[in-house]
Amino acid sequence: METKRFILLDIDYVTENNRPVVRLFGKERGDNKGRSIIALDRHFRPYIYVIPMGNTEDCIKQINTLDVDEIRIVQKKDITQEKEMLEVILFHPQDVPKLRDKIWNLSEVKEIREHDIPFYRRYLIDNALFPMGEVVVNGKTKTQKAGPGISSTDENLCIFNMEGKPEPVAGGIPDLKVMSFDIEVRNPKGMPSADKDEIIMISLASNFGLESVLSTKRSSFDYVETLESEKEMIKRFTEIVNTECPDLILGYNSDNFDFPYINDRAKKLGVPMNIGMDGSGIKFLRRGFTSAAVVRGRLHIDLYPIMRRHLTLDRYTLERVYKELFGEDKEDVEGDEIWKYWDSNGEKLEELFSYSMDDAIAAYKVGDKMLPINRELTRIVGQPFFDITRMASGQMVEWLLTRKAYEYGEVIPNKPSQSEYSRRRGFKYVGGYVKEPVKGLHENILSFDFKSLYPSIIISKNISPDTLLKNEETEEFHTAPEVPHKFRKEPVGFVPSVIGNLLKERAKIKDIMKKTDDPMEKKILNVQQQALKTLANSMYGLYGFARFRWYSGECADAVTAWGRDYIKKTMKKAEKFGFKAIYADTDGFYATYTGNVEDDA
DNA sequence: ATGTGGCGGGG
DNA sequence: GTGTACGCCACAT
């Protein structure tokens, strides 16, 4: 039996003999430091929870008429209430959508839970694994077949059969090979269309010395590598990916432009796009009306959704984002002018090469700036880096709560049905307090704001679906102003506990930051505390978000009611000291000093 | 007021 | 694939 220790980069599963095989993609530590590894786990089975109508035995009998692997009786908490539930283990993850309605419709079944947790996410949660963190596994190295992207000499990649459970270990910051890319297309009319407009340049930048533009035309720039045809150019691109083996591939809008485009052209020209670590091609995951490009075993990160989430701008072009992050203008060529530059074959063509190179470098630099915070979010939330970079902050909070619920032995609430969603949407809340600004030019302005107002209220008033008192008033409780909601003081509720731990952890990190002199360590700690702050502040308004699993109209109402109460009381207090509020919004206000101090204060 | 439809980034 | 965004704005009714 061997032991392997690696940084967990990504995870998925494949099917072998009708059974799921979880694949952990990583980068080895220890003796084979830097080598890629795919660790295979054949021992994890999909399951859902079933809440019986009343008679557990009858419920088990009914479920056993369906093709299920095993049924276990378990004790789980449902909003702190202990319940006997059934853990129904199925043979394959895809049996879950096939069987769940049949199970739910059985007369002895009251409800089913946790029936929509993707298999790889379930695996991470149940095994307490965190992507971008380190993992130790036991097992045997598997003899591997040579294939595209797979070295038959075993130098680049180790395929490993796991025995027993993977163990998380505290680990450092991984040093990863990062490559960015960008393509240019010759489109004389309208937007580029892959059935007629050829790719004229593929530019690449990296942290391992590679910086080049692949093209079919020559240039005096020595970073330009000239190839015979577009077909050869795309082949060269796949060859570079497979020999350099970058862990991260960055692009800007590459989910919906560069990768789909290069994939379509490759198909048309008969070039296999086998750039996955396991020799697979690019897969496109539909996410609503848009899609995400997956390169198996390598992390493809599209920086566009990251920037949309991270900055508030009017536009999110690479030029605009670059300017915002670095304060410098980046050279730009109008999209519908590119073909003219290309056709000119002179000075303009050289400019286009330079622009193309610059785009890949800019994407690399944006990535360099934005990846650390996303890596920390990944390590807190515990879902894959690929997913985290494409996730809204509310979703991150939900997955964090899902993991915590598992730790606490709580079964999570179901997603709202369409009708429940509409009902929630129809509910109108009073939001934060807003005072219309007093017109005019003001002097001696004071600004005041609460830090993390809503998270603080949730913690201090213990606002949680599980602490909300329905009728019983036997315990000590907090009463919300304006709205008729009461919250038990003890014990600490589920959501307040999670937010509280985030803020405690943040305070701890800020404390260590003050004590350290090492600028590198300070920088890392700073990113960590920022990630914790981001998550705590994302709880803002989440109770009122109609798609949230832990949605609660009462909690949403109470949080904002207390918020309005605090801001109004603070404004009143300020007036007693001679300030006059001229504008207020939710968690802060502006005031001018008038000097009219009330002495009865 | 309320409903519907299109759009973002990319060349 | 234990799947199918989302929030904003323009414009119509």
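Note that the coordinates shown come from a computational prediction; the quantities given were computed from them, not determined experimentally.
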Asker: Would you call the rings of A:Phe326 and A:Tyr322 parallel, tilted or perpendicular, where under 30° means parallel and over 60° means perpendicular?
Answerer: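 Geometry flag for A:Tyr322 against A:Phe326: tilted rings.
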Asker: Go through the structure and list residues passing salt bridge (charged side-chain N to carboxylate O under 4.0 Å, His left out) with A:Glu108, not counting sequence neighbours.
Answerer: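 Partners of A:Glu108 under the salt bridge (charged side-chain N to carboxylate O under 4.0 Å, His left out) test: none.
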Asker: Tell me whether the rings of A:Phe494 and A:Tyr408 are parallel (<30°), tilted (30 to 60°) or perpendicular (>60°).
Answerer: perpendicular
Asker: Which whole number of Å gives the distance between the P atom of B:dG9 and that of C:dC8?
Answerer: 15 Å
Asker: Among residues 303-313 of chain A, which ones have heavy-atom contacts with DNA chain B below 4.0 Å?
Answerer: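 Under 4.0 Å from DNA chain B: A:Tyr304, A:Arg308.
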Asker: Would you check if the side chain of A:Asp302 reaches a backbone N or O of A:Asp255 as a donor-acceptor pair within less than 3.5 Å?
Answerer: yes
Asker: Does the ring of A:Phe25 carry A:Arg298 above it, NZ/CZ under 6.0 angstrom from centre and within 45° of its axis?
Answerer: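 Geometry flag: not set, cation outside 6.0 Å or 45°.
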Asker: Run through A:Tyr252, A:Phe181, A:Phe284 and flag the one making a ring-ring contact (aromatic ring centres under 6.0 Å, His included) with A:Phe259.
Answerer: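 Among the candidates, only A:Phe181 passes.
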Asker: Quote, to the nearest angstrom, the P distance that separates B:dG11 from C:dT4.
Answerer: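 30 Å, rounded to whole Å.
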Asker: I'd like to check the side chain to side chain donor-acceptor pair (under 3.5 Å) partners of A:Thr389; sequence neighbours left out, ordered by chain and number.
Answerer: none
Asker: Can you list, by residue number, the residues of residues 320-346 of chain A that have a non-hydrogen atom closer than 4.0 angstrom to DNA chain B?
Answerer: A:Gly335, A:Asp336, A:Ile338
Asker: What about the rings of A:Tyr49 and A:Tyr47, do their centers lie closer together than 6.0 Å?
Answerer: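 Ring-ring flag for A:Tyr49/A:Tyr47: true, centres closer than 6.0 Å.
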Asker: For A:Glu420, enumerate each residue passing the salt bridge (charged side-chain N to carboxylate O under 4.0 Å, His left out) test, keeping only those at least two apart in sequence or located in another chain.
Answerer: A:Arg423, A:Arg424
Asker: Look for any protein N or O under 3.5 Å of an N or O in nucleotides 8-10 of chain C and output each such pair with its distance, or none.
Answerer:
none

Asker: What's A:Gly190 touching, base or sugar-phosphate or nothing? Going by heavy atoms closer than 4.0 Å.
Answerer: base
Asker: Find every protein N or O atom lying less than 3.5 Å from an N or O atom of nucleotides 2-4 of chain B, and list the pairs.
Answerer:
none

Asker: Using whole Å, what does the distance between atom P of nucleotide B:dG11 and atom CD of A:Glu351 come to?
Answerer: 16 Å
Asker: Which part of the nucleic acid does A:Thr317 contact within heavy-atom distance under 4.0 Å: base, sugar-phosphate only, or nothing?
Answerer: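 Sugar-phosphate contact only - A:Thr317 comes under 4.0 Å of backbone atoms but never of a base.
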Asker: With the sugar-phosphate defined as primed atoms, P, OP1 and OP2, and the base as all remaining atoms, what B/S/- string results for nucleotides 2-7 of chain C, 5' to 3', for protein heavy atoms under 4.0 Å?
Answerer: BSSBSS
Asker: Whole Å only: how far is the CG atom of A:Leu318 from the C1' atom of B:dG8?
Answerer: 15 Å
Asker: Listed by chain and number, what are the side chain to side chain donor-acceptor pair (under 3.5 Å) partners of A:Tyr316, not counting sequence neighbours?
Answerer: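 Side chain to side chain donor-acceptor pair (under 3.5 Å) list for A:Tyr316, sorted by chain: empty.
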Asker: Classify the nucleic acid contact of A:Leu285 as base, sugar-phosphate or nothing, counting any heavy atom under 4.0 Å across all strands shown.
Answerer: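 The answer is sugar-phosphate, as A:Leu285 gets under 4.0 Å only of primed atoms, P, OP1 or OP2.
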Asker: Roughly how far apart, to the nearest Å, are B:dG6 and C:dA5 at atom C1'?
Answerer: 15 Å
Asker: Does a salt bridge link A:Glu328 with A:Lys330, judged by any charged N lying under 4.0 Å from a carboxylate O?
Answerer: no
Asker: Measure from the side-chain N and O atoms of A:Asn207 to the backbone N and O of A:Val178, and report whether any donor-acceptor pair falls under 3.5 Å.
Answerer: yes
Asker: Starting from C1' on C:dG1, measure out to CG on A:Asp387 and report it in whole angstrom.
Answerer: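 Spelled out: CG on A:Asp387 to C1' on C:dG1 is 13 Å.
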Asker: Going by salt bridge (charged side-chain N to carboxylate O under 4.0 Å, His left out), name the residues that satisfy it together with A:Asp585, two or more places apart in sequence or in a different chain.
Answerer: none
Asker: Any chance the side chains of A:Glu350 and A:Ser219 put a donor and an acceptor closer than 3.5 Å?
Answerer: yes
Asker: In whole Å, what is the span from the CG atom of A:Asn256 to the C1' atom of B:dG10?
Answerer: 9 Å
Asker: How long is the line joining CG of A:Asp182 and P of B:dG10, in whole Å?
Answerer: 9 Å
Asker: Report the nucleotide, chosen from C:dG1, B:dG11, B:dG10, that has the shortest atom-to-atom distance to any side-chain atom of A:Val185.
Answerer: B:dG11
Asker: Tell me every residue that passes side chain to side chain donor-acceptor pair (under 3.5 Å) with A:His92, counting only those two or more places apart in sequence or in another chain.
Answerer: A:Thr15
Asker: Got a sec, which residues hit salt bridge (charged side-chain N to carboxylate O under 4.0 Å, His left out) with A:Asp314, two or more places apart in sequence or on another chain?
Answerer: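 Partners of A:Asp314 under the salt bridge (charged side-chain N to carboxylate O under 4.0 Å, His left out) test: A:Arg320.
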Asker: Would A:Tyr13 and A:Tyr123 count as a close aromatic pair, with their ring centres under 6.0 Å?
Answerer: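 Centroid distance A:Tyr13-A:Tyr123: not below 6.0 Å, so no.
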Asker: Take atom CZ of A:Phe259 and atom P of B:dG11, then tell me their distance rounded to the nearest Å.
Answerer: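 Interatomic distance, CZ of A:Phe259 to P of B:dG11: 14 Å.
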